[in-house]
There are 2 protein chains.
Amino acid sequence: MPWKSDLARFPRPNVAVDIAVLSVLPQQPTDATGSLAVLVEGEAGGLRGRALPGRFLREGQTITACVDDVLSIKAGLNNVSAEPRLLRVFDDPHRDPRGWTLSLAHSLTLPPRRLQEATAGLVPIATNGELESGETLLFDHNAIVSEAAASIRDRYEQLPDPDGLLEDGFTMAELKGLHEAVIGEPLLKDTFRRRMEPNLQPLTDPDGARLLRSDGGRPAQVFVHRRDHPSVAALQRRVLLPRAAR
Amino acid sequence: MPWKSDLARFPRPNVAVDIAVLSVLPQQPTDATGSLAVLVEGEAGGLRGRALPGRFLREGQTITACVDDVLSIKAGLNNVSAEPRLLRVFDDPHRDPRGWTLSLAHSLTLPPRRLQEATAGLVPIATNGELESGETLLFDHNAIVSEAAASIRDRYEQLPDPDGLLEDGFTMAELKGLHEAVIGEPLLKDTFRRRMEPNLQPLTDPDGARLLRSDGGRPAQVFVHRRDHPSVAALQRRVLLPRAAR
DNA sequence: TTAATAGTGTCTATAAGACAATATATA
DNA sequence: TATATATTGTCTTATAGACACTATTAA
């Protein structure tokens, strides 16, 4: 921390908050799986090309509050209570010709249900982290999208639904579909089930009988995410280094 | 990105850059292993307590340049070319009573050799991410240290020496000692060797004979880090989710 | 019955954890 | 030789990947 400096003595940067809002799109007829997608703003005043939603941080405002403003102003989303996740800070002093501007790049995950009201468009993300359309966004926003995608993909390898994309009472097939959309690849149902089961809680009715839901075939068990299970710790534990000697 | 705003219209925050400089301390007589450690500034003007080194970002300056300044001014370290790693942004509007100030918290790893000239002190970090002394730093700097420790521990589970703490030509025992210091736990030599070997390159003399180095017992093979080996990709590959169906 | 989806049994390959043996230097 | 450190052999256990089978509903 700086101690001696007079806080007012030096020029200060503008600070913008840019957000990669992630969600999933359902499976299209042409796709093997659903797709991870990101919210992109339409053409904006004066500049050619599209960008992620963003805004300047105002005095007295936290980043979370700023993100709430962005989402409500630029995407019509109110009362988003998800915590934005910091990805990167863009600090090139000349990145914005209008003046010294830092950008705090964040990502945020919203379930598709929340995005129906969104005015901006959801754009599918390819497996390599680029936009499926090949579109180039302004500034380094393609890099933000790519990092956001890598980040959510990492999280979904650890737990069934860390970002809460599903509502409680999902089936194993729905969860598998979600994972396939997030990582963009088909998965094996048996291996998938065995990986996920320790972190899922089967729902039961008041009598303790298992709750099932049918969709044209054998009814499936419905689950909720289990956030306090012992094996959650085991999953999050590092397993790549040899353990300590006894 | 903000488009319409006049960049000069709103108040702008001070932006500080705080740095957790990480290194390792050799094994002490009382310890089973060496220790991860962080550079802490001495008592600073006016405020009771110690903190991580930090400084305000100046106009036209990148974060990397700012970090270089901090290290040279506050720790006597010149020409540090390591890239700082962003950990977190502190954004509470009232966290600094002197005015609206954001803090960009970073970590940076330096080999012990580089820190001999350091004016500030290296403080050991415990396994739980707290300082071993139990000392409380100013602001949220304990949290920065804890995140920095978790981050470097993660990286060292993936590769032999991702942050370059050792110089080329290290033995397996030296590498194991480094890992034990970083994670703060003893490791098994056989399992450790098998985990590390695919990502290490044995050094040879011009004739192709293996280079060895002795330290009181059987001479050991010396290695360099292998950053382009196929198995690096395999290690970094996600292995926690079932793979795709063929 | 058939079609559709859900769930299980089980084999194989890989790798970590653990213990013990063997190898090669110095004193 | 004894001692110290390095390196390898191998057994056990856990689990991902893969394939095939069984189970339960609706039409």
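Heavy atoms only: backbone and side chains are in, while hydrogens, waters and symmetry mates are out. The chains referred to below are lettered A, B, ... by the order of the sequence lines, with proteins before strands, and numbering in each begins at 1.
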*Asks:* Rounded off to whole Å, could you give me the CG-to-P distance for the A:L188 and C:dT5 pair?
*Replies:* 17 Å
*Asks:* Strictly below 4.0 Å, N to O, side chains only: are B:R153 and B:E157 in salt-bridge contact?
*Replies:*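 Answer for the salt bridge query: no.
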*Asks:* State which residues pass salt bridge (charged side-chain N to carboxylate O under 4.0 Å, His left out) with A:E135; sequence neighbours excluded, sorted by chain then number.
*Replies:*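 A:R50.
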*Asks:* Rounded off to whole Å, could you give me the CZ-to-P distance for the B:F192 and D:dT7 pair?
*Replies:* 12 Å
*Asks:* If you check every side-chain atom of A:M172, which of C:dG17, C:dG7, C:dT8 has the closest atom?
*Replies:*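 So the side chain of A:M172 is nearest to C:dG7.
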*Asks:* Nearest whole Å is fine: how far is C:dG7 P from A:Q221 CD?
*Replies:*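 Distance check: A:Q221 CD to C:dG7 P gives 7 Å.
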*Asks:* Sequence neighbours left out, what passes side-chain contact (heavy atoms from CB on, under 4.5 Å) with A:E174? Give chain and number order.
*Replies:*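 Residues passing side-chain contact (heavy atoms from CB on, under 4.5 Å) with A:E174: A:F170, A:T171, A:R213.
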*Asks:* Tell me the interatomic distance from B:E174, atom CD, to D:dT7, atom P, rounded to whole angstroms.
*Replies:*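 Computing the B:E174:CD to D:dT7:P distance gives 11 Å.
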*Asks:* Between C1' on D:dT7 and CG on B:L200, what's the gap in Å once rounded to a whole number?
*Replies:*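 It is 14 Å, rounded to the nearest whole Å.
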*Asks:* Can you name the salt bridge (charged side-chain N to carboxylate O under 4.0 Å, His left out) partners of A:E167, sequence neighbours left out?
*Replies:* A:R113
*Asks:* Of the candidate nucleotides C:dG7, D:dT8, C:dA16, which contains the atom at the shortest distance from the side chain of B:E197?
*Replies:*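 Of C:dG7, D:dT8, C:dA16, D:dT8 is nearest to the side chain of B:E197.
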*Asks:* Could you give the CG-to-C1' distance, from A:L187 to D:dA16, as a whole number of Å?
*Replies:*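 About 13 Å, once rounded to whole Å.
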*Asks:* How would you list, by chain and number, every residue that makes a salt bridge (charged side-chain N to carboxylate O under 4.0 Å, His left out) with A:R114, sequence neighbours excluded?
*Replies:* none
*Asks:* Residues in side-chain hydrogen bond (donor to acceptor under 3.5 Å, both in side chains) with B:S107, at least two apart?
*Replies:* none
*Asks:* What residues from residues 208-220 of chain B pass a heavy-atom cutoff of under 4.0 Å to DNA chain D?
*Replies:*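 Those residues are B:D215, B:G217, B:R218, B:P219, B:A220.
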*Asks:* Please list, pair by pair, any protein nitrogen or oxygen found under 3.5 Å from a nitrogen or oxygen in nucleotides 11-14 of chain C.
*Replies:*
none

*Asks:* Of the options C:dA6, D:dT8, C:dA18, whose atoms approach the side-chain atoms of A:R193 most closely?
*Replies:* C:dA6
*Asks:* Does anything in residues 214-224 of chain B form a side-chain hydrogen bond (donor to acceptor under 3.5 Å, both in side chains)? List the pairs, not counting sequence neighbours.
*Replies:* none
*Asks:* Closest heavy-atom contact between B:P219 and B:L212?
*Replies:*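 Looking at all heavy atoms of both residues, the closest pair is CB-CB, 3.8 Å.
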*Asks:* Got a sec, which residues hit salt bridge (charged side-chain N to carboxylate O under 4.0 Å, His left out) with B:D163, two or more places apart in sequence or on another chain?
*Replies:* B:R155
*Asks:* So, does the side chain of A:R194 form a donor-acceptor pair with the base of C:dG9 at under 3.5 Å?
*Replies:*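 By the distance-only test, yes, there is a pair.
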*Asks:* Can you check the B:K176 NZ to D:dA6 C1' distance for me, whole Å?
*Replies:*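 The answer, rounded to whole Å, is 11 Å.
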*Asks:* Between D:dG17, C:dG7, D:dT7, which one does the side chain of A:K189 approach most closely?
*Replies:* C:dG7
